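From a predicted model like this one, the values you see are computed outputs, not experimental measurements. Proteins come first, then strands; the chains are lettered A, B, ... in the order of their sequence lines, and each starts at number 1.
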Amino acid sequence: MISIRMNDKFLKPYNPGEVEGRIYELWEKSGYFNPDNLPPRHEKPFTIVMPPPNANGDLHAGHSLVITIEDIITRFKRMRGYKALWIPGADHAGFETQVVYEKKLEKEGRSRFGMDPQELYKEIYKFTLENKHNMENQIRALGASCDWSREKFTLDPDVVKKTQKTFVKMFEDSLIYRGKRTINWCSKHQTSLSEVETESSEEITPFYYFKYGPFEIGTVRPETKFADKYVVMHPDDARYSQYKHGDTFEVEWINGPIMATVIKDEAADMEFGTGVMTITPWHSQIDYEIRERHGLDAEQIIDWRGKLLPIAGEFVGMNIKDARPKIVERLKEKGLLLKVDENYKNVVKRCYKCSTIIEPQIKDQWFVKMEPLAKKAIESVDNKNIRFIPDNYEKIFRYWMNNTIDWNISRQIVWGIPIPAWFHEPKCIPKTEREKDMAKCKEIIVSEEEPICKFCDAKYIRDPDTFDTWFSSGQWPLFVTDYPDGKDFKTYYPTDVMETGQDLIFKWIPRMVIFGLYLSGKDPFHTIYLNGMVNDAHGKKMSKSKGNVINPTTLTEKYGTDALRMALVVGNTPATDLSLREDKVKGYKNFANKLWNIARFTMSQHNEGELKNSLVEEFNALAKDVTTDMDNYRFYLAAEKIYAYIWHRLADEIIEESKKDSSILPTTYYLLQNCLKLLHPFMPFITEEIWQELKNKESLLMIETWPT
RNA sequence: GCGCUCUUAGCUCAGUUGGUUAGAGCGUCCGCCUCACACGCGGAAGGUCGCAAGUUCGAAUCUUGCAGAGCGCACCA
């Protein structure tokens with residue numbers, strides 16, 4: 001008979017604050033976060049890539065959920081004997097971080113405009129590194145068993161180099177082009193944005209009807225209309241059959257008479273308004289398309305700051321918001337305003353960071369041709385090479401992939417990876433008379449190296465733009481496994497599970513699939529597990545302005561990390577939003593203490609002898625059931641089942657029974673050990689702490705064999 | 001406008017391919033400081049599973065319609 005001497009600390013309630021740091025250190029020192037150090041039984045690799053958190057602030061509740069789920073998966077797989085690798089990272093988060101930093105500058109009474117770009121870059125770099133360090137510690141505090149030795153930052157030199165290389169390759173494969181197209185322009189941030197960086201909402205805007213020569217036209221944007229010289233109607237519109245395509249006529253307009261031309265195009269909706277519209281190709285996507293079809297002129301009306309250009313005559317320099325009512329007033333004075341519909345519902349696009357109304361502009365930018373890439377991604381889903389949890393997200397993924405718009409990857413910000421493109425500015429002037437083959441001089445060169453003009457020896461000027469952050473993070477599973485020649489790439493790529501927030505279904509997931517397929521020919525992962533958003537106790541979105549933000553650190557300090565982890569997981573089904581309530585966390589703190597006391601009692605009793613078969617079998621059935629849940633990503637059920645067993649079966653019934661029938665004592669000791677194993681992925685700290693006491697610090701629960 | 005999801009006890013949510021008296025946590029009520037634990041123990045109340053119809057031997061679970069909520073997408077000037 002062995003009786004374990006109780007450590008003094010077991011006489012007090014469980015104190016997570018005292019335990020967690022020490023246990024994490026024990027794990028880190030063991031080296032087992034790095035799968036290369038795991039014992040030989042861990043043969044088959046299993047890989048998860050951590051969605052790199054933005055290194056521009058503290059982790060929020062959503063991050064804790066992501067980290068918790070991924071840690072549960074990793075720990076489970078590790079105990080099951082996999083060579084489990086979870087690769088951490090940090091994201092420079094281009095535009096996001098630049099916006100955060102611009103706000104900081106604003107507070108200090110400074111502005112990015114007018115700053116030396118390199119100086120600005122250095123400042124943001126320093127800011128980001130500090131945050132990155134802070135963030136890593138917060139991830140540690142959550143118990144993450146990720147391999148820090150493999151950590152990557154999205155601005156690491158190799159990442160930058162590989163990103164640029166991909167750009168060059170895609171350019172050579174004709175998947176990237178530079179072109180003038182309608183882009184989403186934020187006049188505040190002075191950059192173009194992709195579709196996913198804008199937010200559309202329905203708003204009520206006055207709709208004006210104006211007299212335009214013999215026609216009546218409608219618009220919500222009178223301030224763009226100065227140069228509208230094309231009047232468009234549907235070719236089949238009988239009301240206007242007397243007007244022929246190409247007819248010209250003079251109209252009295254905002255600043256005097258202009259020559260107008262009739263254009264017949266099917267884009268004009270006969271049902272809408274009067275069926276007639278004028279177009280502003282520079283500031284509207286549809287208008288631009290009409291322009292393309294008929295080879296029309298396009299003129300910029302609004303500058304990059306959102307102010308009117310000289311074409312606006314006396315309105316020049318006015319902010320468009322202020323100009324609108326004045327222009328309407330002018331048209332009214334001239335008798336050209338016919339009526340106003342005050343209740344018109346209109347879709348307005350805004351910058352997702354500052355809510356400034358997006359101004360469509362025409363600009364030379366780099367675009368990725370999405371269609372051929374998206375097609376392959378759809379094939380992967382068709383062939384069941386990629387599975388979504390929950391599975392209805394497959395539909396959403398397909399919808400997006402079937403409706404791609406070419407992706408604008410140029411950003412006019414410094415904080416990002418430079419685009420390896422070079423412009424010959426000014427144009428080539430050959431240095432000798434003999435060089436006359438000017439046509440061969442390329443104005444734009446895409447290359448990782450700085451080119452020099454063969455004809456005039458001039459250095460090319462680098463494109464000052466940087467990449468959209470998703471262009472590099474889309475290649476993340478490749479980069480973190482050292483694509484294309486690294487040892488890890490052979491062992492750990494393709495990875496297994498991509499676990500991330502459901503909000504990234506459009507932003508990140510498709511791009512990883514696309515780049516994975518394009519560069520490696522393989523899907524970057526076979527399973528996509530999407531978690532829901534973490535809301536406040538009443539299911540409302542957390543936001544600073546509402547003041548309902550719950551800081552995970554506050555909760556872990558008060559109740560312990562294990563308690564928070566359980567609260568995040570139990571009953572939380574994939575892609576369903578979670579209402580985070582403090583009392584739930586408190587409940588699991590109580591559970592931690594319960595477990596503590598179970599251990600305390602069990603360890604104080606005799607524990608050697610024969611096991612009771614029926615109880616062992618009952619436990620085995622539970623373990624099997626829980627394992628099935630784990631294998632099927634039903635963590636919300638597995639956690640609840642273990643909880644119920646430990647508290648209401650083991651403690652309430654079996655241990656109580658053992659007080660009357662001491663022959664059960666060895667069995668309770670056995671059951672406790674195995675419960676610790678089942679519970680470890682969910683509550684790693686307390687289970688490891690108890691294990692250390694049980695095993696006299698001779699083994700780590702973290703790498704024990706999962707009971708099945 | 002299109003799409004997705006949700007509507008189960010006072011609150012927050014489970015209910016894994018339709019199958020016996022629908023579950024959990026918190027909260028409420030009653031009784032207990034029982035020598036592991038009051039961060040605890042024992043017990044109790046509480047739901048016509050949004051509404052309506054259908055399929056079925058049988059539906060919270062499948063189908064349709066309606067109502068309400070949330071989220072996403074959207075170039076009708």
Side-chain angles (χ1 to χ4, degrees), chain A residues 6 10-14 182 195-196 198-202 207-209 217-221 224-225 228 232 267-280 284-290 344-347 349 360 390 392-396 398-400 403 405 502-503 505-506 532-533 535-541 559-560 563 566-567 570-573 575-605 625 628-629 632-634 636-641 643-644 647-648 651-652 655-656 658-659 668:
Chain A
M6 261 202 294
F10 270 89
L11 299 174
K12 290 183 223 151
Y14 178 61
T182 309
E195 298 308 314
V196 295
T198 65
E199 273 172 359
S200 302
S201 62
E202 213 169 62
F207 189 85
Y208 304 96
Y209 289 89
I217 58 150
T219 184
V220 290
R221 300 203 61 194
T224 65
K225 297 273 155 205
D228 282 17
V232 184
D269 185 346
M270 291 188 272
E271 309 293 316
F272 186 85
T274 58
V276 183
M277 62 178 172
T278 62
I279 56 166
T280 314
S284 156
Q285 171 73 25
I286 333 166
D287 295 4
Y288 187 76
E289 284 165 12
I290 295 171
Y344 181 71
K345 270 188 200 157
N346 179 33
V347 174
K349 251 192 201 179
N392 63 295
Y393 272 73
E394 182 184 314
K395 238 187 216 173
I396 298 173
R398 281 176 188 278
Y399 178 84
W400 198 80
N403 294 281
I405 298 173
Q502 144 266 337
D503 56 326
I505 186 71
F506 295 136
M533 303 292 99
N535 294 329
D536 76 0
H538 305 288
K540 298 281 174 230
K541 221 177 212 173
Y559 304 108
M566 280 296 271
V570 175
N572 182 17
T573 50
T576 305
D577 289 359
L578 171 80
S579 303
L580 183 58
R581 284 158 303 126
E582 193 164 332
D583 64 353
K584 192 176 176 188
V585 186
K586 192 178 158 195
Y588 290 108
K589 178 194 157 61
N590 294 350
F591 175 58
N593 196 52
K594 183 74 186 181
L595 181 63
W596 190 248
N597 279 293
I598 290 169
R600 173 175 162 181
F601 179 79
T602 307
M603 287 162 76
S604 70
Q605 307 294 315
D625 191 20
T628 308
D629 285 336
N632 290 288
Y633 301 91
R634 294 190 295 254
Y636 57 102
L637 278 185
E640 198 176 356
K641 283 173 186 168
Y643 170 94
W647 198 319
H648 301 300
D652 290 353
I655 289 180
E656 284 309 311
S658 78
K659 289 177 183 171
T668 61

Working for side chain to side chain contact (heavy atoms under 4.5 Å, CB included), residues A:I290 and A:M277:
CA-CA 12 Å; A:I290 295 171; A:M277 62 178 172; 3.6 Å; yes
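- Spacing between atom CE of A:M566 and atom C1' of B:rU12 amounts to 16 Å, rounded to whole angstrom units.
- A 3.5 Å limit on both hydrogen-bonding distances identifies B:rU64 as the Watson-Crick or G-U partner of B:rA52.
- Judged by Watson-Crick or G-U wobble contacts below 3.5 Å, the nucleotide B:rC32 has B:rG40 as its partner.
- Although no hydrogens or angles enter the test, the distance criterion places a donor-acceptor pair under 3.5 Å between the side chain of A:N597 and the main chain of A:N593.
- Looking at A:D629, its side chain never comes within 3.5 Å of a backbone N or O of A:R634 through a donor-acceptor pair.
- A:Y393 comes within contact range of no nucleotide atom at all, as no heavy-atom separation falls under 4.0 Å.
- Taking CD from A:E394 and CD1 from A:I505, the interatomic distance works out to 10.0 Å, rounded to the nearest 0.5 Å.
- The P atoms of B:rG50 and B:rC13 are separated by 15 Å, rounded to the nearest whole Å.
- Under 3.5 Å, the side chains of A:T280 and A:D228 contain a donor-acceptor pair of N or O atoms.
- Taking a pair to require two hydrogen-bonding distances under 3.5 Å in either a Watson-Crick or a G-U wobble arrangement, B:rC71 pairs with B:rG3.
- Spacing of P atoms, B:rC41 relative to B:rG25, comes out at 11 Å, to the nearest Å.
- Each of A:D625 and A:S579 has a nearest nucleotide on RNA chain B; the 5'-most of these lies closest to A:S579.
- Using modelled atom types, one side-chain atom of A:S284 and one backbone atom of A:D287 make a donor-acceptor pair closer than 3.5 Å.
- Phosphate proximity of B:rA14 to A:T573: present, with a side-chain N or O under 4.0 Å from OP1 or OP2.
- Nucleotide B:rA9 has no partner under the Watson-Crick or G-U criteria, as no pair reaches both atom distances under 3.5 Å.
- Using atom P as the reference point in both B:rC33 and B:rA38, the two lie 13 Å apart (nearest Å).
- Across B:rC4 and B:rA9, the matching C1' atoms stand 28 Å from one another, rounded to whole Å.
- Spacing between B:rG43 and B:rC6 at atom C1', rounded to whole Å, works out to 35 Å.
- A:K594 forms no cation-pi arrangement with A:Y643, by the criterion of a distance under 6.0 Å to the ring centre and an angle within 45° of the ring axis.
- Regarding A:R634, its CZ atom lies at a distance of 10 Å from the C1' atom of B:rU17, rounded to whole Å.
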Any chance you could list the contact pattern along nucleotides 20-39 of chain B? Use B for base contacts, S for sugar-phosphate-only contacts and - for none, protein heavy atoms under 4.0 Å, 5' to 3'.
----SBS---------BB-B
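- Both distances falling under 3.5 Å, in either a Watson-Crick or a G-U wobble arrangement, occur for no nucleotide opposite B:rU21.
- Judged purely by atom type and a 3.5 angstrom limit, A:K584 uses its side chain to pair as donor or acceptor with the backbone of A:A567.
- Between atom CD1 of residue A:I598 and atom CG of residue A:D652 there is a gap of 8.5 Å, rounded to the nearest 0.5 Å.
- Summarising the geometry of A:K349 relative to A:S200, their closest heavy-atom pair is CG-OG, 3.5 Å, with the distance given to 0.1 Å.
- In this structure, A:F272 and A:Y344 have perpendicular ring planes: the angle between them is above 60°, well past the 30° mark.
- Residue-to-nucleotide proximity on RNA chain B shows that, of A:N392 and A:N572, the 5′-proximal contact is made by A:N392.
- Rounded to a whole angstrom, the distance from the P atom of B:rA22 to that of B:rG70 is 32 Å.
- B:rG27 is unpaired under the Watson-Crick or G-U wobble criterion, no partner having all donor-acceptor distances under 3.5 Å.
- For the pair A:L578 CG and B:rU5 C1', the interatomic distance rounds to 16 Å; values are reported in whole Å.
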Quick one: what's the B/S/- string for nucleotides 68-77 of chain B, heavy-atom cutoff under 4.0 Å, read 5' to 3'?
----SSBBBB
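- With P as the reference atom, B:rG31 and B:rG47 are 23 Å apart, rounded to whole Å.
- Nucleotides B:rA60 and B:rG19 place their C1' atoms 13 Å apart, quoted to the nearest Å.
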